Amino acid sequence: MSAKTESRLTPRQRLVRGLAYSAVGPVDVTRGMVGLGVQSAQSTASELRRRYQEGRLAREIAAAQEALAQELSAAQEVVAGLPQALQDARRSRRRSKRPWMIAGAAVVVLGGGAVAFSIVRRSMRPEREEQSPRPPSVEVQPRP
């Protein structure tokens with residue numbers, strides 16, 4: 001077999017091949033055992049890392065839940081006091097004349113605009129008295 005094929009074997013395959021072939025057996029058995037040991041160590045480290053992260057995540061979730069519970073209780077207090085605050089605001093607020101003033105100003109502006117439009121339009125119309133000194137190009141009298 002070529003060196004390329006040997007490097008692609010997994011440790012388990014090396015161990016099995018080493019046990020099967022007596023000529024290269026001791027080398028492959030050793031390499032297979034070392035490879036399985038390394039894989040086992042990597043798997044254990046990965047599992048420990050995952051458990052640590054899950055534990056840290058669990059602590060973070062617990063802290064977030066506690067903060068959320070505090071925010072929720074604060075919000076409930078605010079909501080409980082809302083009707084009283086609305087009543088106080090209604091009592092202290094007096095009716096203002098501002099909407100009527102705005103409506104009156106709008107009517108005045110629109111009326112002024114209408115008058116200005118009317119004046120400009122009338123000034124643009126040609127007067128009937130100002131006729132052209134030339135005779136009309138079409139007959140003015142309708143035919144019978």
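Quick caveat: nothing in here was measured; it's all calculated off a predicted structure. Any value given below was found using the heavy atoms of this structure, including those in side chains, with hydrogens, waters and symmetry copies removed.
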Novice: Residues in salt bridge (charged side-chain N to carboxylate O under 4.0 Å, His left out) with E54, at least two apart?
Specialist: R50
Novice: I'd like to know if the side chain of Q84 and the backbone of G81 have a donor-acceptor N/O pair within less than 3.5 Å.
Specialist: no
Novice: How far does CZ of R49 sit from CZ of R51, to the nearest 0.5 angstrom?
Specialist: 13.5 Å
Novice: Starting at CD of E77, measure out to CG of L72 and round the result to the nearest 0.5 Å.
Specialist: 10.5 Å
Novice: Which atoms form the tightest heavy-atom contact between R8 and Q13, and what is the distance?
Specialist: O-OE1, 4.3 Å
Novice: Indicate yes or no: at least one non-hydrogen side-chain atom of S40 is less than 4.5 angstrom from one of T44.
Specialist: yes
